[in-house]
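A, B, ... follow the sequence lines: proteins, then strands. Residue 1 opens every chain. Just so you know, these numbers come straight off a predicted model, no measurement behind them.
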There are 2 protein chains.
Amino acid sequence: MDSEEQRIGGCLPRIRSVVTGLTKAEQKVAEYILANPAKVINLSITELAETTGGAEATIFRLCQKLGYKGYQRFKIALAGDLYTPAESVCKEVDPGDSLSVVAGKVFQSINEGLQDTLKIINQAALEQAVDLLAAARRIDAYGSGGSAVIANDIEHRFMRFGMPVRSYADPHMQISSAALMEPEDVVIAISHTGSNRDLLDSVKMAKASGAKVIAITSHMKSPLSKLADISLYGTAKETEYRSEAMASRLVHLAIVDVLYVGVVLRMQDRIGDNMEKIRQAIAVRRV
Amino acid sequence: MDSEEQRIGGCLPRIRSVVTGLTKAEQKVAEYILANPAKVINLSITELAETTGGAEATIFRLCQKLGYKGYQRFKIALAGDLYTPAESVCKEVDPGDSLSVVAGKVFQSINEGLQDTLKIINQAALEQAVDLLAAARRIDAYGSGGSAVIANDIEHRFMRFGMPVRSYADPHMQISSAALMEPEDVVIAISHTGSNRDLLDSVKMAKASGAKVIAITSHMKSPLSKLADISLYGTAKETEYRSEAMASRLVHLAIVDVLYVGVVLRMQDRIGDNMEKIRQAIAVRRV
DNA sequence: AATTACAGTGAAAATTTTTTTCATTTTTCA
DNA sequence: TGAAAAATGAAAAAAATTTTCACTGTAATT
């Protein structure tokens with residue numbers, strides 16, 4: 001009966017994360033909403049259609065794509081976002097800032113990204129991802145460029161409890177490995193935009209091999225999230241000196257943390273030993 | 001035009017304050033709203049009238065008495081009250097926690113780490129580090145294990161503005177590279193504990209070659225920070241399921257962000273071109 | 001006690017807004 | 001290139017809202 005509980009807030013981050021996956025007409029509306037959320041609250045769907053030069057139906061469909069029953073529900077969720085003062089205090093870095101001020105702003109914006117991500121996080125998807133990972137026979141992490149860092153981190157992290165996990169930044173290695181995947185194997189594909197061609201090819205190959213695919217990306221409705229079995233989204237606002245991709249890295253890493261903790265919780269008994277072994281092995285290398 | 005800006009939130013307190021001055025039928029409605037605000041959000045005026053046994057008109061008049069233009073505006077304001085921003089309790093992760101609770105706790109603990117780091121951040125050290133990096137002829141980033149991820153990130157990041165930067169996780173590579181360093185070159189050495197022997201050897205070698213060394217570590221007074229010219233510290237509390245090393249990674253990455261932004265600010269003119277070139281190169285690889 | 005005035009109420013009409021449908025246009029992919 | 005799919009907007013249908021108005025009961029006045 002509470003299945004259709006209304007979720008208040010988290011509306012703007014959600015728009016931000018799907019905006020690239022929207023159609024042209026929808027994007028125009030979405031951008032207007034992002035730019036003028038406070039005005040939109042006071043507009044009817046007809047007025048908003050006029051303002052953005054679109055049709056009511058387009059806006060209605062956008063609301064549904066965002067996960068709301070209709071325009072009214074959307075507006076109620078939007079009201080939640082507007083109420084939080086945190087959203088509006090987005091400070092840009094200023095050339096005159098001292099470095100400790102810069103540090104404050106950068107840290108603040110990281111935290112905002114985390115909070116936004118928390119708002120749109122999909123519990124069911126997380127749950128499934130952890131299930132898959134905990135049961136996986138083998139795990140491959142694919143990520144190029146900035147996302148290679150995340151893939152690498154996954155390798156380090158999950159290796160700690162004795163899982164056969166490898167990370168590949170090189171597209172050729174990715175696709176070779178993907179070809180050898182089997183059911184019960186899991187691929188974690190990381191891409192900020194979710195539109196990297198090489199990565200998509202590798203993911204297709206992995207799926208053809210029967211492996212399950214978990215995507216970590218910033219853009220909902222991206223080609224990657226369409227291909228993946230499970231998609232986990234991390235959002236972050238772009239600021240003048242902090243590109244979107246820059247902010248998203250940290251959020252993606254935080255998502256990996258959550259997966260890690262989730263798997264740890266699910267595997268409590270099995271892993272203790274492996275972790276201890278590694279801890280000892282590292283200690284020897286210390287002064 | 002904007003004279004009738006919509007006030008969001010503060011709706012329930014307002015009802016409470018006027019409730020005695022309302023008529024009988026209105027009071028019945030007001031009390032229902034106070035008791036079930038979350039339900040009301042999902043009811044139309046007709047449904048609410050049915051539920052409370054009143055008439056639509058009564059509810060409408062109530063909304064106006066409360067200072068709203070009508071029922072819709074009232075509901076939007078109510079949504080603001082219902083919105084509770086991050087009720088995250090900063091406790092340990094519990095085996096019984098749902099994954100969205102886990103996510104909240106993990107994110108919260110990341111943020112705490114960032115805040116703690118902000119408190120101990122040394123502006124002068126940051127300033128010097130940025131100076132060195134901005135003027136560097138060549139940059140090497142050394143980090144093994146979990147810190148290899150950070151080193152990698154540095155490579156990706158600073159490469160973007162055309163700096164000759166390389167990251168090395170392999171101790172042999174580190175020391176080989178260190179042997180070839182020259183004055184005006186900079187080494188960034190990353191180690192959570194600051195006690196990794198191989199890393200210390202490489203750092204000594206780099207110093208012998210005349211290079212400057214910036215350390216990123218979690219432990220003050222570690223052998224690494226004694227060797228380094230400049231030390232940047234990132235703290236993070238260890239929790240039961242989140243090892244100290246795990247939390248520190250994100251903090252170290254955040255410090256890299258600060259360095260990056262700092263260097264960008266210092267080099268505004270020079271870098272624009274390089275960044276644009278890379279952005280274009282990446283765009284081609286996208287669908 | 002009867003009359004009047006009037007705030008309170010709700011049924012129903014009028015209006016506005018939202019939602020659905022469907023034909024047209026545009027895009028995509030083979 | 002041409003068939004299929006997706007996107008779009010006009011307009012119809014449905015739903016929600018706001019407004020109107022007549023009725024009720026109460027209180028004040030004569």
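- Judged as a ring pair (Phe, Tyr, Trp, His ring centres under 6.0 Å), and not counting sequence neighbours, the contacts of A/F158 are A/F161.
- Legend: side-chain hydrogen bond (donor to acceptor under 3.5 Å, both in side chains) pairs involving residues 50-61 of chain A, not counting sequence neighbours: none detected.
- Taking A/D131 as the reference, A/R266 meet the salt bridge (charged side-chain N to carboxylate O under 4.0 Å, His left out) condition, with sequence neighbours excluded.
- Note: CG (A/L48) to P (D/dG9) measures 13 Å, nearest angstrom.
- Pairing for C/dT17 goes to D/dA14, judged as Watson-Crick or G-U wobble with the two contacts each under 3.5 Å.
- B/I59 places its CD1 atom 12 Å from the P atom of C/dT9, with the value rounded to the nearest Å.
- For A/D229, the salt bridge (charged side-chain N to carboxylate O under 4.0 Å, His left out) partners at least two apart in sequence or on another chain are A/K207.
- Legend: residues meeting salt bridge (charged side-chain N to carboxylate O under 4.0 Å, His left out) with B/K65, ordered by chain and number and at least two apart, are B/E26.
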What string of B, S and - do you get for nucleotides 10-27 of chain C 5' to 3' if you count protein non-hydrogen atoms under 4.0 Å?
-> BB-----SBBB------S
